[in-house]
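Quick note: residue numbers are just sequence positions, from 1.
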Amino acid sequence: MRFGQELALDMISVRIGPDVRNMVVGSKSYFAGRSTPRTPRDLTEHVCINLRTSTYGSLYEWEFVKGKRATNARVDGTVTFNNAYDIFEAAKAGFGLAYLPEEMVRPQLLKGQLISVLEDWCPVWPGFHLYYPNRRQPSRAMTLLVEALRYRA
């Protein structure tokens, strides 16, 4: 499984989830006495909560798109985690800004517990897709699995 539908030769891609959007959020306590970032470049003036990726072992660069402009931001902060749930808890506790899936933060945004910034820079990405080899005659089990996982809006 992976985000998007980029396809390698001889592979099949089937959407298994809705589109995904990450958002930059912080708590009310974090923003007390701080300016609001207006562009990804402004994040250098903020404390951000980093994600260390297990695949590469490096820090995840936050991805932004506005119109035809795309940029990645390497952010600095005092805490780093290897999963979104710990980042979410740290953001709610005021440790800094976080870059998290909209689905995860929406309830806190609606309650006013978190504040979203840079919304016009946060694009929607194609959701999860299942990738598997293109075989002329997939097994019945594989066909059933694909149909069970297939996303229907």
Side-chain angles (χ1 to χ4, degrees), residues 1-133 145-146 149-153:
M1 288 189 294
R2 64 176 66 161
F3 281 114
Q5 51 191 347
E6 291 181 20
L7 199 57
L9 187 61
D10 295 330
M11 295 293 283
I12 294 176
S13 170
V14 176
R15 178 183 283 268
I16 60 172
D19 288 343
V20 177
R21 179 179 186 214
N22 276 6
M23 301 183 79
V24 179
V25 297
S27 68
K28 286 183 176 183
S29 64
Y30 172 79
F31 281 110
R34 288 190 170 92
S35 64
T36 301
R38 305 257 183 253
T39 69
R41 181 169 285 180
D42 295 341
L43 293 172
T44 60
E45 301 168 15
H46 287 269
V47 177
C48 298
I49 304 165
N50 269 302
L51 170 68
R52 182 168 307 280
T53 62
S54 58
T55 306
Y56 302 106
S58 60
L59 298 180
Y60 178 72
E61 293 182 11
W62 296 8
E63 301 173 81
F64 298 100
V65 176
K66 187 172 186 179
K68 293 185 179 184
R69 294 173 34 202
T71 186
N72 288 359
R74 292 183 186 183
V75 298
D76 291 318
T78 56
V79 293
T80 300
F81 297 101
N82 64 1
N83 68 78
Y85 301 105
D86 290 335
I87 292 171
F88 180 55
E89 293 302 321
K92 289 191 305 185
F95 282 90
L97 297 179
Y99 188 69
L100 292 166
E102 181 177 13
E103 285 293 317
M104 179 179 273
V105 300
R106 184 179 298 132
Q108 284 68 30
L109 291 170
L110 293 173
K111 293 176 188 173
Q113 296 171 342
L114 289 176
I115 298 167
S116 175
V117 296
L118 300 175
E119 286 189 25
D120 57 336
W121 282 91
C122 296
V124 174
W125 304 102
F128 279 112
H129 285 67
L130 175 68
Y131 290 85
Y132 59 95
L145 175 67
V146 169
L149 294 176
R150 185 180 304 274
Y151 176 71
R152 293 166 178 85

Look only at the side chain of T53 and the backbone of S58, and say whether a donor-acceptor pair between them is shorter than 3.5 Å.
-> yes
Do side-chain atoms of N50 reach the backbone of V75 as a donor and acceptor pair under 3.5 angstrom?
-> yes
Contact summary for [X] and [Y], nearest pair of heavy atoms:
X	Y	result
M23	S116	CE-OG, 3.1 Å
G94	S27	CA-OG, 3.2 Å
P37	L97	CG-CD1, 4.2 Å
G17	Y151	N-CB, 3.4 Å
L43	A73	CD1-CB, 4.3 Å
G77	V47	CA-CG1, 4.1 Å

Verify the neighbour count for atom CZ of R52: are there more than 12 heavy atoms of other residues, nucleotides or ligands below 6.0 Å?
-> yes
Has R74 got more than 12 heavy atoms of other residues, nucleotides or ligands less than 6.0 Å from its CZ?
->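 No, the 6.0 Å shell around CZ holds no more than 12 heavy atoms from other groups.
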Aromatic rings W62 and Y99: how do their planes relate, parallel, tilted or perpendicular, breaks at 30° and 60°?
->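 It falls in the parallel class, under 30°.
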Distance, nearest 0.5 Å, that separates [atom1] of [X] from [atom2] of [Y]:
X	Y	atom1	atom2	result
N72	E63	CG	CD	5.5 Å
N82	L51	CG	CG	7.5 Å
M104	Y85	CE	OH	5.0 Å
T71	E61	OG1	CD	9.0 Å
K28	L114	NZ	CG	10.0 Å
K92	I87	NZ	CD1	13.5 Å

What residues, two or more places apart in sequence or in another chain, satisfy salt bridge (charged side-chain N to carboxylate O under 4.0 Å, His left out) together with R34?
->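 None.
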Enumerate the residue pairs fulfilling salt bridge (Lys or Arg N to Asp or Glu O under 4.0 Å) with a member in residues 93-122, sequence neighbours excluded, ordered by first and then second residue.
-> K66-D120, E102-R106, E103-R106
Could you tell me whether the side chain of [Y] reaches within less than 4.5 Å of the side chain of [X], counting heavy atoms only?
X	Y	answer
S35	H46	yes
C122	N22	no
I115	Y30	no
F88	N83	no
V14	L149	no
F81	E89	no
V24	W121	no

